[in-house]
Amino acid sequence: MTTAMGPQAGTGPQARAQRADARRNYDRLLGEARAAFAEHGTGTSLEDVARRAGVGIGTLYRHFPNRHALMSAVWEDAVRDLLARSHALLDDPHPCSALVTWLRAIVTHAGEYRGLSSALMAASHDDTSALARCSRPMREAGAALLARAQEAGSVRPDVSISDLLQLTNAISLAAEETPDDPELADRLLTLTLRGLRAEDRATAQERTRA
C-alpha cells in the first residue's frame, strides 16, 4: 500500500528505514518548496523543487500528486497559525476589530507566496482541489468571528464569510501585483470593511430618501 508518506511494507528494520527515508524526502521537498515559492512564486518549476531537494520528480509526485497538493502542504503551516489566531480572537471584547485583525493576518500570510491568493480564490469553488482542505477550516473559523461582529451590530447581516474571504484574497492579489505600494492592502481592506458595516436605521432611511 502507498500513502502520502510513501510505501508501507511491513514493520521490520528495512520497512522502518524506508519510512524514515520517505519522511526525510517529504520534509526536504516541503522545505525547498517553501523557499522556492517565496522566492519565485507558486508557479515555480516542480522539477526545480525536486532538484533542490535532491530527489527525482517521481519522488515529488509520490508525495504531492499535483501542484495544488504541494501548495496545500506549504499553506497548512500558515493555516494552523491563522486558526489559532481566530480562536484567540473569539475572546476579544471588540468583535469587529477582531474580525479585521484576522483578515489582515490572512493578507499578510498570503502575501508570502506569489500566486497563492489566486489559487485560493479558485479553490473556493472547487471542493476537489487539495487547497480546499485548507479553505474549509478557514471558512469555519472566519464564520465564527463574522457571526460575533454581526451579533454586535457592527457588520451587516447579509455578509457571508465566503464573500468576505474572496474579497480578502482579491485584496491580497491586488497587493501582490502592486509591490511598490506596501499600504495598498490595508487601504483596500479598510474601504471594504466600511462597506460591510451595519448602518443605524436613521442613516439607512436618509440614504433611501436621497
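For the single chain, residues carry numbers from 1 onward in sequence order. Predicted model, so just to flag it, every value in this text is computed and none were measured.
A distance-only check finds no donor-acceptor pair linking the side chain of W102 to the backbone of L89 [under 3.5 Å]. With S135 contributing its side chain and L131 its backbone, the two residues share a donor-acceptor pair below 3.5 Å. With D92 contributing its side chain and P95 its backbone, the two residues share no donor-acceptor pair below 3.5 Å. With E176 contributing its side chain and G111 its backbone, the two residues share no donor-acceptor pair below 3.5 Å. Here the side chain of R28 pairs no donor or acceptor atom with the backbone of R52 at under 3.5 angstrom. Between the side chain of T178 and the backbone N or O of D181, no donor-acceptor pair lies under 3.5 Å.
Atom CD1 of I171 is separated from atom CZ of R104 by 10.0 Å, given to the nearest 0.5 angstrom. Summarising the geometry, atom CG belonging to D81 is positioned 12.0 Å from atom CD belonging to E76; distances are rounded to the nearest 0.5 Å. If you take CD1 on I106 and OG1 on T101, they are separated by 11.5 Å, rounding to the nearest 0.5 Å. For the atom pair CD of E32 and CG of L70, the computed distance is 11.5 Å after rounding to the nearest 0.5 Å. The OH atom of Y113 sits 13.0 Å away from atom OG1 of T44, with the distance rounded to the nearest 0.5 Å. Between the OG1 atom of T192 and the CG atom of L164 there is a distance of 8.5 Å, given to the nearest 0.5 Å.
With a 4.5 Å cut-off on side-chain heavy atoms, V155 and R197 do not count as touching.
For D77, the salt bridge (Lys or Arg N to Asp or Glu O under 4.0 Å) partners are R34, R80, not counting sequence neighbours. In this view, T108 satisfies the side chain to side chain contact (heavy atoms under 4.5 Å, CB included) rule with no residue, not counting sequence neighbours.
Shown here for G142 and I161, the closest heavy-atom pair between the two residues is C-CD1, 3.4 Å.
Here D27 pairs with R23 in a salt bridge; the nearest charged N to carboxylate O distance falls below 4.0 Å.
For the 3.5 Å distance criterion, the side chains of R187 and T190 fail to qualify, holding no donor opposite an acceptor.
Both V55 and V49 are assigned to one and the same hydrophobic cluster, defined by single-linkage of ILVMFWY side chains at heavy-atom distances under 4.5 Å.
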